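Note on naming: letters A, B, ... go to the chains in the order of the sequence lines (proteins, then strands), and numbering restarts at 1 for each one. None of the values given here were measured: they were computed from a predicted structure.
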Amino acid sequence: MTQFTRRNFVKAAGACAALGTLASVSPQVIGKGHKGRVIVIGGGYGGTIAAKYIKMADPDIDVTLIEQNPKYVSCPLSNEVLSGERNIESITFDYAKLSGNRGINVVTDRVMEIDAAKHTVKGAGGTSYAYDKLVVSPGVDFRYEQIEGYSEAVAQKIPHAWKAGPQTALLRKQLMAMKDGGVCYIAAPPNPFRCPPGPYERAAQIAMYLKHHKPKSKVIILDAKDKFSKQGLFMQGYKKFYDGMVEWVPGAEGGIIEAVDPATNTLIGEVDEYQGGVLNVIPAQKAGKIAQLAGLADDSGWCPVNQKTFESSIHKDIFVIGDACIAGKMPKSGYAANSQGKVCAAAIVALLNGQEPGEPSYVNTCYSIIAEKWGISVAAVYQLVDGQIVGVKGAGGLSPMDAKPATRAIEAQYARSWFKNITSDMFT
Amino acid sequence: MKKIIQQLSAISAGLLMVWVVSGCASQSSAQPPAAAAKPAETKVAAKPKQGVRSPSMLANTCAGCHGTNGASAGDIMPIIGGMEQEYLVEVLLEYKSGERDSTIMGRIAKGYSENELKAIASFIADQPWVSSPIKTDKKLVAMGKKIHDKQCKTCHEDGGRVQEDDTPRLAGQWPDFTLQYLHDCHAKGRRCSPRKMGMRVMKLSDQELKAMAHYYASEK
């Protein structure tokens, strides 16, 4: 799959030729990069990295990062906030260093509209921003409609906590208020969704809190699926640390939740109803709102891209990375978004310099913390084969089932150090 | 250690190849746009050949765990940016072969060819060493220095700053990493590589191992 078609070449050459003109004419241009203007929408695991690595590779490219919130709360490690192992401040970051150290123009605004033909995006206040290349890294949006009675408003009472921040705090508060002997139900979503091991790590972290503070209580995972990520390792960990406290109900055995009744705090499944002390409903997902609005998603709800560069298969000069895109065999994880951000950054730098994007390389590493000194991981190294991202055979895989406790303890340490490093890669 | 030196010529030959073929995307700004103007006809089903991936493309994937350019932000993830290339190559190849124990690095290193691992090592080695900013415990540092002066400094010269043959830099490393490595070596004893290190480390107490880690962290 040669990316450098005639069309692409004309586009790249055209972009370079037009730069001088655009920069001097448009009053909306923020800064004046010599090589072109890149706008990145979304300051999370993908967007921050794309913005930073473009600047690192070529400071002459003007980079603006538009993020709707002044501070970012990380989903990874937010399950430790639920158990009380860490506070929410420890997973909250601002953009001052990224902006100051890297020369990235960070703007707090909510993008409401992308005009792919005119190469502009419009913010909530009406400000228009012009780009040569646009990176869209919006994360996920929820398909509330797939669970009757659930909505963004109901999520203020029955949290999903699948975007960290106030939702995390709400779920933590409910857990703390729950009586000993209560049940916390986690409704886990169907594939594909953000952070495949996340709901199961969450069950462990909540169980850890309950074990210490409310030992007669239980966590029950009601799953839309019949199997899940790192399943053997999680089940082993539940048995070791939370025997009898964590239960998993697969979809085929009544785990599928069809409706919620917020008035009675009840989940309505295909077979049974579950009335709980605390309900955590994680609905099915799709690409983030702006991707839907801009027509970047296909019928699947996710965004098809050229997996070599992450350029949208639908709109030219727009690149979609992270949870929102369809990235072959890569999962929707923070590390995957980080890796995709770097591949996309290198492609954009190449294109704005009139070159063909280089051969990509991608990695995913994902840790889950089951108990304070019990961590597990999955890793994969990916390459592009026939235009598709696939795992390199013989590499990657899970932590071994028979690892010694000392190894699990080191993996838990690695998990927390991973978090320090990936967030420093993003925000400094 | 000698074998490493013998391998060097082969290694650098491999590296040279990678550098030449890859065309290094990160240095793309030096190229005028016109350089890309070769006719790129995309004719039907010609099977794409697996391209060569540039050192920066390969090595930037490490930063998610080891920090940007290998300058780890802590605590147990080692700083690797600025380590000697030969040492990094040796370690990565040992991870790939399974010769070196690991939790996750073995799984990752198996995803790359030998030449790719050498390219990664060359990129990481080219980065500046950034010492950990951690504050160290004065008493532990003093205790560690005594042990260092007595039995470590012939290989780990200048407070662990000198990198020669396959001796890694220790000065400025995160103490949690050094300590974990020392614990591992302590447990292996005579089977720790190199053996002469294992035989010394196995005799140290937990407190002394901790002191060593703090001492090296204090030597920025």
Side-chain angles (χ1 to χ4, degrees), chain A residues 1-2 4-6 8-9 12-13 16 35 52-53 56-58 60 335 338-339 342-343 346 349-350 353-363 365 377 379-387 391-392 394-397 399 403 407 410-411 413-414 416-418 420-425 428, chain B residues 22-43 46-48 50-54 56-69 71-77 96 103-112 116 174 176-177 180 183-184 187:
Chain A
M1 185 155 133
T2 307
F4 216 73
T5 58
R6 188 186 301 272
N8 277 346
F9 170 66
C16 289
K35 303 266 184 67
K52 170 170 156 176
Y53 277 76
M56 277 170 62
D58 191 344
D60 290 338
Y335 207 106
N338 174 294
S339 188
K342 289 166 184 174
V343 170
V349 170
N353 282 282
Q355 295 182 333
E356 186 179 351
E359 194 67 22
S361 176
Y362 333 69
V363 166
T365 298
S377 64
V381 180
Y382 302 92
Q383 60 186 353
L384 192 75
V385 176
D386 296 336
V392 176
S399 306
T407 304
I410 289 172
E411 288 223 276
Q413 273 183 287
Y414 280 146
R416 298 185 183 102
S417 288
W418 167 88
K420 281 200 168 180
N421 279 286
I422 201 163
T423 53
S424 92
D425 203 23
T428 64
Chain B
S22 66
C24 190
S26 66
Q27 291 170 6
S28 54
S29 56
Q31 298 265 3
K38 38 184 168 180
E41 296 294 318
T42 41
K43 290 230 168 116
K47 193 163 182 189
Q50 184 61 41
V52 174
R53 304 184 286 186
S54 73
S56 61
M57 174 62 76
L58 290 162
N60 283 339
T61 64
C62 309
C65 292
H66 288 281
T68 307
N69 293 334
S72 170
D75 291 318
I76 198 175
M77 299 291 189
K96 183 179 165 72
T103 57
I104 203 165
M105 278 308 301
R107 288 181 256 162
I108 290 170
K110 285 181 181 67
Y112 302 95
E116 286 176 330
W174 286 100
D176 280 6
F177 169 75
Q180 189 229 325
H183 273 309
D184 199 40

Quick check for you: among B/His66, B/Met77, B/Lys110, which has the greatest number of heavy-atom pairs under 4.5 Å with chain A? B/Met77

Rounded to the nearest 0.5 Å, how far apart are CG of B/Asn69 and CE of A/Met56? 4.5 Å

Spacing of OG belonging to A/Ser399 relative to CD1 belonging to B/Ile104, to within rounding of 0.5 Å: 7.0 Å

Taking C-beta and beyond as the side chain, do A/Glu359 and B/Val52 meet within less than 4.5 Å on heavy atoms? no

Student check: side-chain heavy atoms of A/Tyr362 and B/Thr61 closer than 4.5 Å: no

Highest number of heavy-atom pairs under 4.5 Å with chain B: which of A/Gly391, A/Ala380, A/Gly396? A/Gly396

Salt bridge (charged side-chain N to carboxylate O under 4.0 Å, His left out) evaluation trace for A/Arg416 with B/Asp75: CA-CA 8 Å; A/Arg416 298 185 183 102; B/Asp75 291 318; over 6 Å; no

Less than 4.5 Å to any heavy atom of chain A: does that hold for the side chain of B/His183, its backbone, both, or neither? neither

Which portion of A/Tyr53 sits near chain B, non-hydrogen atoms under 4.5 angstrom: side chain

So, taking the atom named OG in A/Ser361 and the one named CE in B/Met57, what distance separates them when rounded to the nearest 0.5 Å? 7.0 Å

Residue A/Tyr414 versus chain B: region with a heavy atom under 4.5 Å: both

A/Glu411 side, atom CD; B/Thr103 side, atom OG1 - distance, nearest 0.5 Å: 4.5 Å

Counting heavy-atom pairs under 4.5 Å to chain A, which of B/Cys65, B/Gly67, B/Ala109 comes out on top? B/Cys65

Taking every heavy-atom pair that is under 4.5 Å apart, which of A/Asn338, A/Thr365, A/Ile422, A/Val392 has the most such pairs with chain B? A/Ile422

Under 4.5 Å between any side-chain heavy atoms of A/Ser377 and B/Arg107, yes or no? yes

With a 3.5 Å distance limit and no angle check, can you tell me whether A/Asn421 reaches the backbone of B/Ala63 through a side-chain donor-acceptor pair? no

Less than 3.5 Å apart, any donor N or O on the side chain of B/Thr68 or A/Lys52 sitting next to an acceptor on the other? yes

Return the NZ to OG distance between A/Lys342 and B/Ser56, rounded to the nearest 0.5 Å. 11.0 Å

Less than 4.5 Å apart, side chain to side chain, heavy atoms only: is that true for B/Trp174 and A/Ser417? no

Select, from A/Thr407, A/Ile410, A/Val381, the one with the greatest count of heavy-atom pairs under 4.5 Å involving chain B. A/Val381

